[in-house]
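Below is one structure, written out as structure tokens, with a few remarks after it.
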Amino acid sequence: MLGFIKTLIERTPLGLLQLKHDRMRLLVAIAGITFADVLIFMQLGFAAALYKTNTQYPRTLKADLVIIGTQAKNFGKLRTFPRRRLYQALDVPGVASADALYIQSVDWRNPQTRKKTSMLLVGQNPDRPSFNLPEVNQQLDAIRMPDTVLFDRASRGKYQDIITRVQQGERVTTEIGRRTVTVAGLFKVGASFSDDGALITSDQNFLRLFPKRDAGAVSLGLIRLHPGSDPDRVRAAVAARLPDDVQVLTNRGYIDFEMAEIKATSPIGFVFGLGTTMGFIVGIVIVYQVLSTDVNSHLAEYATFKAMGYRNAYLLGVIFEEALILSILGFIPGLAIALGAYQLTATATALPIAMPFGRGVIVLLLTFVMCGASGAIATRRLQAADPADIFS
Amino acid sequence: MMNQKPVIAIHQLDHYFGTGKLRKQVLFDINLEIFAGEIVIMTGPSGSGKTTLLTLIGGLRSAQSGSLNILGQELCGASQKELVKARRHNGYIFQAHNLHGSLTALENVQMGLEVHGTLSKGERHRRATEMLKQVGLKEHIDYYPANLSGGQKQRVAIARALVSRPKIVLADEPTAALDKKTGRDVVDLMHDLAKKQGCTILLVTHDNRILDIADQIVYMEDGRLATQPESVAMS
Ligand SMILES: Nc1ncnc2c1ncn2[C@@H]1O[C@H](COP(=O)(O)OP(=O)(O)OP(=O)(O)O)[C@@H](O)[C@H]1O
Ligand SMILES: [Mg+2]
């Protein structure tokens, strides 16, 4: 290792010098890689954000076990199951409480613009927190009042005035269906693909807004266990106790269920996978173009080096040195631009788009692979550098 | 001198280009011995095979039949790896200078040392600077080739060829791209440095005005070598 580093320091950095010598070519290469990296970052960022937004409520559920119908698709489309299943679950040793959640999409009128948009309406038991959302849990008393809701202030759309007014304690009302509801408070989760946002209210208010819906038909069951119980064992016991019109999952298992559903049914993975691949290919093409032009324009010099006794491996090293330098020089602005673009996207769309450290590492590695692959293709041009030709 | 071993000893060397029907012999029964410190000039008509012989001696091409002994090593039948190693004993000067455009004069010259992998960067640069002084380019060590004249570039190429003190210098028409005066200066420089370092020079040229620096002149005609122009016709 030490010897290797010593060789690196002692060596004339030919690749670096070649790149520095042709500034225009260097700029083109960096711009190309930066472009490819930004593209890849955006695709990965969108995909992750969409997976996350579509599982945000499942992620905040305050439950050890979750009961959903066998036909359940996802949090917004759960189908209903009989509330009796929750009472039955209470019989199982280890189970401390079982609460129902009622969930359905509604059209509500944006109080600010008076336009109708789709919101997810969640009805919960106001006696016990159902979500790990402190803001909601502090306002449970407010939703006991008839026709009051809590509003997700990170919802997509124009709500700024309303949010300020609610924060100042004003009464803000709007319509859901034919009923007038009051926005009694705010919380923050964020928009998803299918719904612009969400409203949380009490189970009683929920049923008032959906008069056709039966109180005995619930969307999701939240089970909390006595301290010290083993969730996996109790889960199995509850599952055994209940008929198979429901499935019983651990909290983690339910999040996995939601993720699997999204990955399987949404085009997110395919679309953004395709986008990522495109970015990667664009990068390879641009870097290859730059590197092969570079090799071509140095063929006579390379042939001379071979005549002087430099091995082919030396010249391969020069090309990979260039590829490595290009990948780092292209990645850094790519990362910076992507961070800015994430910020813009987050404010413009309310999508929870962020840059986890791991993604940076993955894209850096992808960039190395991209430039390395381009370099490997470009080295084939080296065969054309024949030392026997340079005397002519 | 005769009791010494020759640094270049060629016996019954033939060389062919192409395969099958296109196979064409370009060198016929070449015999040549060159001793240490000699300056040998090879002349002859275009297409006669001079460059081919030079590339064989330099290990830039694989020799096919006969014997080609360079500095005691047989290159006929040598592996590619051995050829690459053998090249490091030689200095090359071409018609085109073939300097690397992204490297300064100094960096170009030290590439002639870096290939051996034995000297530190500082030492390589020190020796390259010294060598550039000797070819009269003290003021130009940090110039890129694009900013040097033709004669200056050829001087840098000479410095690069000689900086590692090679036993053999192979030059193919080094003055062809230069004007009369510059060409003469360059040849004189090669001559002086070679005599100082005691290296052997094999130089191909069409330029009759520089024949006077030669210890021995050989003529190539239609792939055959002779020490006198007439003997080619007689053999
Ligand atoms: N790579 C090659 N493949 C096939 N034939 C070749 C090749 N290189 C040279 N030849 C042929 O071999 C013969 C000798 O060429 P060579 O270049 O050695 O001549 P030369 O004496 O150096 O000529 P000049 O004075 O013009 O440089 C020529 O007929 C040439 O066409
Ligand atoms: Mg020639």
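All values below were derived from every heavy atom in this structure, side-chain atoms included, with hydrogens, water molecules and symmetry-related copies excluded. In the text below, chain A, chain B and the rest are named by the order of the sequence lines, each starting its count at 1.
With chain A as partner, the option from A86(B), G101(B), G117(B), G112(B) having the largest number of non-hydrogen pairs under 4.5 angstrom is G101(B). Among K81(B), H89(B), M111(B), Q110(B), the residue making the largest number of heavy-atom pairs under 4.5 Å with chain A is M111(B).
When the heavy atoms of residues 10-45 of chain A are compared with those of chain B, the residues falling under 4.5 Å are E10(A), R11(A), T12(A), P13(A), L14(A), L17(A), Q18(A), H21(A), listed by number. At a heavy-atom cut-off of under 4.5 Å, chain B is reached by M308(A), G309(A), Y310(A), R311(A), Y314(A) from residues 308-322 of chain A, listed in order of number.
Nearest heavy-atom pair, L99(B) versus E301(A), reported as atom, atom and distance to 0.1 Å: O-CG, 3.5 Å.
Taking a 6.0 Å sphere around CZ of F270(A), one finds it holds 12 or fewer heavy atoms contributed by other residues, nucleotides or ligands. The number of heavy atoms from other shown groups lying within 6.0 Å of CD (Q343(A)) does not exceed 12. Within 6.0 Å of the CZ atom in R381(A), the count of heavy atoms belonging to other residues, nucleotides or ligands does not exceed 12.
Interface remark: E107(B) contributes side-chain atoms only to the contact with chain A (heavy atom separation under 4.5 Å). Neither the backbone nor the side chain of L83(B) has a heavy atom closer than 4.5 Å to any heavy atom of chain A.
Remark: R127(B) pairs with E123(B) by the salt bridge (Lys or Arg N to Asp or Glu O under 4.0 Å) rule, at least two apart or across chains. Residues passing the side chain to side chain contact (heavy atoms under 4.5 Å, CB included) test with E74(B), sequence neighbours excluded: S67(B), L68(B), N69(B), C76(B).
Between atom CG of residue N98(B) and atom CZ of residue F305(A) there is a gap of 10.0 Å, rounded to the nearest 0.5 Å.
Between P387(A) and R87(B), the closest side-chain pair of non-hydrogen atoms falls below 4.5 Å.
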